[in-house]
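Residue numbers begin at 1 in each chain, while the letters A, B, ... track the order of the sequences.
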2 protein chains.
Amino acid sequence: MADVNVTVLKAPPAQASNPGEPIWDIIELLFFAYRDFVGDPDEVLGKLGFGRAHHRVLHFVNRNPGMKVADLLDILKITKQSLGRVLKQLVDEGYVVQKEGAVDRRQRLLYVTSKGEALALKLATLQTERIARAFGSLGPNAHEAAYRFLAAMIDDENRDGVLRQISRASRPPKARS
Amino acid sequence: MADVNVTVLKAPPAQASNPGEPIWDIIELLFFAYRDFVGDPDEVLGKLGFGRAHHRVLHFVNRNPGMKVADLLDILKITKQSLGRVLKQLVDEGYVVQKEGAVDRRQRLLYVTSKGEALALKLATLQTERIARAFGSLGPNAHEAAYRFLAAMIDDENRDGVLRQISRASRPPKARS
DNA sequence: ACATTTACGTCAGCCATGTTGACATATTTT
DNA sequence: AAAATATGTCAACATGGCTGACGTAAATGT
């Protein structure tokens, strides 16, 4: 029996949002919540000589095996030079491999190794524990509420693409010869 | 009549959370939502030669007029050297002023100028528009749901302090001679 | 009264990770 | 054959974290 917190907090918003006035509470909560959220993996990453940039690359490669470098650049919205630096380290240390594309041999399709998958899972588990703890302290529809709120916060132009990518990721192992 | 989006999206979570498995959708949505959220102010800041570090300092000084430097360091969790760099620029360019503490004259209490307040408000308004748009596309209790989710995501040790700080911020103008 | 602690500032240098710009190489497309 | 595409690389620079050392003024403790 895990130590699950099932207390349903009755926390009211700090303010009634007057029209036109900044929504200070959500602005600040996003800052604090995100900082704690991304802070969890830092200790593990630090021991390996990696940073958050490595985490992001490893995460998305793990979730989208066989993705192109260009796709990764699109998701991360950084330059290929910035990506190249951290990607090279991940490849050199055996967390990621690049395979020549079968159909288009210019492509270097990205895959995690088992070592990389293990690390990605370890980091995701840390973050999942925080999320699960939060959901446990809220009502039964907490997951759906969080999903809808976060999805609605994404740029209109990106939202559909992101949601599609999230739902299809890690479904078919994208069988490759 | 503003162009308010009142469509209530019926977006289901991408996955039923199997126990012990990473909650991939929320992990990724946090990444994308936060990136778009903090991206809004960047253009404005860039024109002024400022970055996100300046934004954070300006934001919290605006919200907590008269705060001590030590308090700001606690909130931001950075070193005084890192803070000093951006704070000095904000002071030099007339966005923030430091006043000697009346009771403890070692303290340099921080206040935004009217120029600083105007910028803080401009940036907060950009982010508020995104949040309001999101809430508009969700149900009537979206604000409370988001508040509770984000609060639950904060470290247990910090949560009460953060919530207290959020609720009392900008209430009393902290009258000062 | 004097010693210590506290609040803050500063100098110097390092690191991680973002940027632009230019150029190279292999491969596919036209 | 020429042009476009996918990727890599070199060089230089900016931002914003960090550590360590040191300084100064004011408050606090004995």
*Check: D42(B)/H55(B) side-chain N/O donor and acceptor closer than 3.5 Å*: no

_Considering every strand and a 4.0 Å limit on heavy-atom distances, what is the contact class for G84(B): base, sugar-phosphate, or nothing?_
nothing

*What's the CD-P distance between E100(B) and dT24(D), to the nearest Å?*
18 Å

*In terms of side-chain heavy atoms of K88(B), which of dT7(D), dT27(C), dT10(C) is nearest?*
dT10(C)

*asked:* Between P on dG16(D) and CG on L87(B), what's the gap in Å once rounded to a whole number?
replied: 13 Å

*Please give, in whole Å, the distance from dT19(D) P to L73(B) CG?*
13 Å

*Does T79(A) make a side-chain N or O approach to OP1 or OP2 of dG18(C) shorter than 4.0 Å?*
no

*So what does K80(A) touch, heavy atoms closer than 4.0 Å: a base, only the sugar-phosphate, or nothing?*
base

*Between R108(A) and Q81(A), which is nearer to the 5' end of DNA chain D once each is assigned its nearest nucleotide?*
R108(A)

*Return the value, rounded to whole Å, for the distance between atom CD1 of I78(B) and atom P of dG17(D).*
5 Å

*asked:* What is the separation between atom CG on L83(B) and atom P on dT19(D), rounded to the nearest whole Å?
replied: 14 Å

_Distance alone, cut at 3.5 Å: any donor-acceptor contact between the side chains of S82(A) and T79(A)?_
yes

*asked:* Let me spell it out: for each of R106(A) and G49(A), pick the nucleotide of DNA chain C with the closest heavy atom. Which residue's pick is nearer the 5' end?
replied: G49(A)

*Can you tell me how far P of dT20(C) sits from CZ of R85(A), to the nearest Å?*
13 Å

*Between D92(A) and K88(A), does at least one N-O distance fall below 4.0 Å, as a salt bridge requires?*
yes

_Output the rounded distance in Å from CG (D92(B)) to C1' (dT10(C))._
14 Å

*With sugar-phosphate meaning primed atoms plus P, OP1 and OP2, does Q98(B) contact a base, only sugar-phosphate, or nothing at under 4.0 Å between heavy atoms?*
sugar-phosphate

*Can you figure out which of dG8(D), dA7(C), dG17(D) approaches the side chain of R56(B) most closely?*
dG17(D)

_Atom pair CD (E28(A)) and CZ (F32(A)), whose distance is rounded to the nearest 0.5 Å_ = 6.0 Å

*Take the protein atom CG of D42(A) and the nucleotide atom C1' of dC15(C), then report the distance between them rounded to whole Å.*
15 Å

*asked:* By nearest heavy atom, map R105(A) and F50(A) onto DNA chain C; which one lands nearer the 5' end?
replied: F50(A)

*Do you reckon Y95(B) sits in the same ILVMFWY cluster as V91(B), going by side-chain contacts under 4.5 Å, direct or chained?*
yes

*Tell me whether the OP1 or OP2 atom of dT17(C) has a side-chain N or O from S82(A) closer than 4.0 Å.*
no

*Determine: side-chain N/O of H54(B) to OP1/OP2 of dG16(D), distance under 4.0 Å, yes or no.*
yes

*Which nucleotide sits closest to the side chain of D104(A): dT6(C), dA6(D), dT19(C)?*
dA6(D)

*Quick one: do D155(A) and R130(B) make a salt bridge, cutoff under 4.0 Å?*
yes

*For R52(A), report the nucleic acid contact type (base, sugar-phosphate, nothing); a contact means any heavy atom under 4.0 Å.*
sugar-phosphate

